[in-house]
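This report refers to the structure that appears directly beneath it.
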There are 2 protein chains.
Amino acid sequence: MQMTEAKRGMVTPEMDAVAKAEGKPVEFLLRGIAAGRLIIPRNVGRENVSVQGIGEGLRTKINANIGTSPDYANIDEEIEKAKIAVRYGADTVMDLSIGGDIDDARRRILRAVNVPVGTVPIYQAGIEVSKRGDIVGMSSDDIFNAIRRHAEDGVDFVTVHCGVTKVAIEALRRSGRLLEVVSRGGSFLAAWIIHNDEENPLYKEFDYLLELAREFDLTLSLGDGMRPGCLADASDVAQFQELLTLGELVERAWAKDVQVMVEGPGHLPLDHIEVNVRIEKEICKGAPFYVLGPIVTDIAPGYDNVTSGIGGALSAAFGADFLCVVTPSEHLALPTVDDVKEGVIAARIAAHAADIVKLGEQASRLDSEMAKARASLNWEKQFKLAIDPEKARRLHRGGLSKEEPCSMCGRYCPIKLLAQFMKKPEPSRTRCW
Amino acid sequence: MQMTEAKRGMVTPEMDAVAKAEGKPVEFLLRGIAAGRLIIPRNVGRENVSVQGIGEGLRTKINANIGTSPDYANIDEEIEKAKIAVRYGADTVMDLSIGGDIDDARRRILRAVNVPVGTVPIYQAGIEVSKRGDIVGMSSDDIFNAIRRHAEDGVDFVTVHCGVTKVAIEALRRSGRLLEVVSRGGSFLAAWIIHNDEENPLYKEFDYLLELAREFDLTLSLGDGMRPGCLADASDVAQFQELLTLGELVERAWAKDVQVMVEGPGHLPLDHIEVNVRIEKEICKGAPFYVLGPIVTDIAPGYDNVTSGIGGALSAAFGADFLCVVTPSEHLALPTVDDVKEGVIAARIAAHAADIVKLGEQASRLDSEMAKARASLNWEKQFKLAIDPEKARRLHRGGLSKEEPCSMCGRYCPIKLLAQFMKKPEPSRTRCW
């Protein structure tokens with residue numbers, strides 16, 4: 001287990017690989033993993049995985065959600081989505097399949113990509129139960145068996161909504177939300193708790209969950225079932241009540257050397273983002289923060305790649321470690337392959353913009369390379385450095401430009417003009433801010 | 001003139017219209033315009049214009065750039081871009097035409113849209129001169145005659161790069177930039193100053209410019225010819241040297257009752273944005289701040305609608321008043337009609353996300369309406385409230401959803417599920433943050 005080894009001061013091959021990829025000394029990884037501030041999600045049984053570190057001081061990572069739905073269950077297409085996501089920079093993939101043969105989807109996706117894979121086993125537990133009755137008829141065994149099945153298949157991290165508890169539901173009732181629960185797994189558990197008047201098994205039997213996680217070095221992603229589903233519900237008592245519970249569970253996980261991250265909103269006005277990140281880091285003692293979005297306005301369905309790009313960039317700049325891709329189809333439909341690509345690129349832009357703040361030159365040197373390519377009107381180099389070389393090339397060519405630099409200014413290119421009149425000294429300035 | 005009337009305490013029909021549109025008492029407009037913190041760009045000769053207020057306390061406005069290029073000069077298409085921009089929420093349009101019949105383009109655009117129209121007359125001055133020689137052969141008369149011609153046609157605001165001065169160019173030389181000057185108008189003037197070893201006529205003869213502006217109540221948009229063209233050049237001495245000059249000119253304009261706004265970056269790392277806005281507001285005594293982007297990474301050509309959406313949202317939340325649309329084709333080519341639409345929508349999202357912070361309920365009530373439409377699974381209402389109803393409807397339908405809420409969760413819709421188990425109280429919470 002990564003955390004056990006880190007606490008003992010033993011470097012694992014995964015730590016070594018992450019240290020190299022991030023340009024950090026391996027001691028940085030050791031200290032971070034031992035303290036819980038960094039994680040390397042990797043199931044001991046997973047094969048052919050290019051590991052990723054997530055957490056403070058590392059490059060901001062992004063996850064792309066894929067998965068079948070009851071209305072449309074085409075595993076080949078989900079695999080295509082997973083591949084395009086990785087191609088455009090997704091660091092991990094989560095399989096959220098809820099339609100068709102869920103086991104088959106997960107197993108094929110695990111073989112199709114070499115990035116860490118996450119799942120939300122409660123979906124499968126609930127859906128299988130719902131086929132013989134009602135979701136609220138799930139037993140504790142149904143839930144844990146689903147988690148075990150996913151872990152046995154080699155899943156590297158699972159979302160577990162352990163913080164959806166009786167007390168969180170009481171807070172939800174007091175909160176007067178416009179949209180009660182928008183988390184799918186959260187809604188399964190909230191309905192279950194209300195119907196059965198019992199405590200959430202993932203909370204009540206958290207020690208058992210930890211035992212299970214230890215068996216596979218399965219990373220737990222503590223889900224935010226109470227995340228706000230609209231700006232009006234942001235940062236309310238239900239959300240923070242759940243976060244307090246998650247903070248407690250983080251420490252219990254660490255005591256058993258189980259790697260954890262904490263999931264966060266969701267929908268937040270711009271001016272709530274900093275506070276949400278800081279509170280998570282405080283309450284959860286620096287555990288990596290994994291945010292879905294946040295999207296910063298509710299009125300742009302069809303463009304939630306943009307709304308979440310804004311929120312994601314800001315969250316990551318303030319310290320969020322892991323961004324979940326939001327596609328243009330969010331709130332409307334299962335995303336298409338193109339939607340996934342659009343979402344991944346917006347999230348990558350957000351992560352990179354934040355990394356320029358968090359990591360300085362290590363991230364911004366790419367931007368400086370692009371600036372130099374622009375200064376020398378070297379188009380091939382610009383395309384090569386672009387986050388989406390094919391699109392950059394296509395737009396440039398489509399612009400009907402002939403010999404001129406680009407079809408926007410044509411022969412009146414400012415870069416070309418000034419180069420005639422100003423001798424360029426060697427750039428000497430260092431960014432110090 | 002709006003400012004003269006405001007200083008006298010006289011309400012103009014334009015102030016009245018803006019006060020109504022913004023839900024503000026007309027005294028707010030009077031005080032703001034008198035103090036220069038607000039502007040209503042409207043040429044006294046412009047007909048059929050739906051006026052807009054720009055500045056502190058008002059809704060964040062967005063401008064869409066259109067215009068022919070030397071490589072592609074199709075005025076009909078530029079008019080189509082202008083119309084689609086206005087349809088998707090552009091509050092103003094700037095005609096940046098530099099190809100074909102520039103006068104005809106401008107005049108037709110002024111007739112085609114009813115929003116305030118801006119231009120950059122130095123382009124036409126330089127281009128006409130370049131047809132008989134070199135751009136650096138422009139005379140002071142060439143420049144002022146172009147401005148007069150635009151004003152006579154009814155243009156409501158013009159970008160004038162008055163801050164590109166000898167001292168700014170000295171600062172530029174010291175600065176060691178990767179990309180010297182990326183402003184088209186800025187490059188014309190910088191080349192002119194270097195070549196002729198003379199001071200910028202727009203600076204030297206600023207009093208004459210003010211007289212000209214007074215004749216038409218032409219609003220001056222003080223251009224940022226020294227704006228950084230890449231992250232590495234952000235917030236450098238050249239940029240701030242120019243800003244200091246602009247701050248001085250703002251006061252001189254106010255003394256003559258000429259309305260002004262100040263243009264700003266450009267390319268900025270996320271953590272430079274707040275400071276850039278605050279410095280502009282400080283140095284320019286609260287004059288409205290008009291930003292181009294800022295884009296927050298250089299490596300995403302093809303997606304600068306997203307990079308500028310991130311920077312624009314943050315700028316506006318910190319106090320920028322006016323966002324210039326950046327399209328996906330920026331840095332690559334003249335934008336297409338679709339590119340303009342994509343850019344406008346990203347800027348509108350940014351402006352609205354910021355207005356939720358700046359204006360509170362006045363802006364966020366739309367988001368709450370959307371949340372209620374989602375809670376009741378009222379799709380028609382969701383489409384109606386969406387920033388792009390057609391796209392939202394198309395994606396939802398394309399998702400192959402039949403009777404279920406949407407094809408992402410299908411019958412496992414969390415909203416639908418929880419509604420069965422949780423009686424919903426009337427929402428009672430007020431946002432107080």
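In the text below, chain A, chain B and the rest are named by the order of the sequence lines, each starting its count at 1.
The heavy-atom pair separating Leu178(A) from Ala371(B) by the smallest distance is CD1-CB, 3.8 Å. For Ile349(B) against Ala300(A), the heavy-atom pair with the smallest separation is CD1-CB, 3.6 Å. Contact between Arg411(B) and Pro70(A) at its shortest, heavy atoms only, is NH2-CB, 3.9 Å. Annotation for Pro414(A) and Val181(B): closest pair CB-O, 3.8 Å, computed over non-hydrogen atoms. Here the shortest heavy-atom pairing between Ala350(B) and Ile310(A) reads CA-CD1, 4.2 Å. Counting all heavy atoms, side chain and backbone alike, Ser407(A) lies closest to Leu334(B) at OG-N, 2.8 Å.
Rounded to the nearest 0.5 angstrom, Asp71(B) CG and Met408(A) CE are separated by 12.0 Å. Atom CG of Leu172(B) and atom CG of Leu418(A) lie 7.0 Å apart (nearest 0.5 Å). Taken to the nearest 0.5 Å, the OG atom of Ser368(A) stands 11.0 Å off from the CD1 atom of Ile299(B). One finds the OH atom of Tyr412(B) at 12.0 Å from the OG atom of Ser187(A) (value rounded to the nearest 0.5 Å).
Of the residues considered (Val182(A), Thr68(A), Leu417(A), Ile169(A)), Leu417(A) shows the highest number of contacts with chain B, using heavy-atom pairs under 4.5 Å. Of the listed residues (Cys230(A), Gly186(A), Ser69(A)), the greatest number of heavy-atom pairs within a distance under 4.5 Å of chain B belongs to Ser69(A). When the candidates Ile127(B), Asn305(B), Ile415(B), Leu96(B) are compared by the number of heavy-atom contacts under 4.5 Å with chain A, Ile127(B) comes out ahead. Of all the listed residues (Arg374(B), His195(B), Arg184(B)), the one sharing the greatest number of non-hydrogen pairs under 4.5 Å with chain A is Arg374(B). Chain A forms the most heavy-atom pairs under 4.5 Å with one residue out of Gln420(B), His331(B), Glu369(B), and that residue is His331(B).
In this structure, chain A has a heavy atom under 4.5 Å from the side chain of His267(B), while its backbone stays farther away. Looking at Ile135(A), the atoms closer than 4.5 Å to chain B (heavy atoms on both sides) all sit in the side chain, from C-beta outward. Looking at Glu342(A), the atoms closer than 4.5 Å to chain B (heavy atoms on both sides) all sit in the side chain, from C-beta outward. Contact annotation for Ser183(A): only backbone heavy atoms (N, CA, C, O) come within less than 4.5 Å of a heavy atom of chain B. Interface remark: Leu385(A) contributes backbone atoms only to the contact with chain B (heavy atom separation under 4.5 Å). Only the side chain of Phe383(A) has a heavy atom closer than 4.5 Å to any heavy atom of chain B. For Ile194(B), the part lying near chain A is the side chain, with the backbone staying farther off; criterion is any non-hydrogen pair under 4.5 Å. Within the 4.5 angstrom heavy-atom criterion, atoms from both the backbone and the side chain of Ile98(A) approach chain B. For Met370(A), the part lying near chain B is the side chain, with the backbone staying farther off; criterion is any non-hydrogen pair under 4.5 Å.
Looking at Lys391(A) and Pro301(B), their side chains never come closer than 4.5 Å, going by heavy atoms from C-beta outward. A heavy-atom distance below 4.5 Å is not found between the side chains of Phe318(A) and Leu270(B).
Just one of Val296(B), Thr307(B), Thr297(B) meets the side-chain contact (heavy atoms from CB on, under 4.5 Å) condition when paired with His352(A); it is Thr297(B). When each of Leu366(A), Asp367(A), Ile356(A) is checked for a side-chain contact (heavy atoms from CB on, under 4.5 Å) with Asp298(B), only Asp367(A) meets the rule.
Contacts of Asp388(A) classified as salt bridge (Lys or Arg N to Asp or Glu O under 4.0 Å), with partners at least two apart in sequence or in another chain: Lys341(A). Listed by chain and number, the residues in a side chain to side chain contact (heavy atoms under 4.5 Å, CB included) with Gln124(B) are Ile102(B), Asp103(B), Arg106(B), Glu128(B), Arg149(B), His150(B) (sequence neighbours excluded).
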Problem set entry | Intermediate values then yes/no, side chain to side chain contact (heavy atoms under 4.5 Å, CB included), Tyr303(A) and Val306(B) | CA-CA 10 Å; Tyr303(A) 298 87; Val306(B) 178; over 6 Å; no
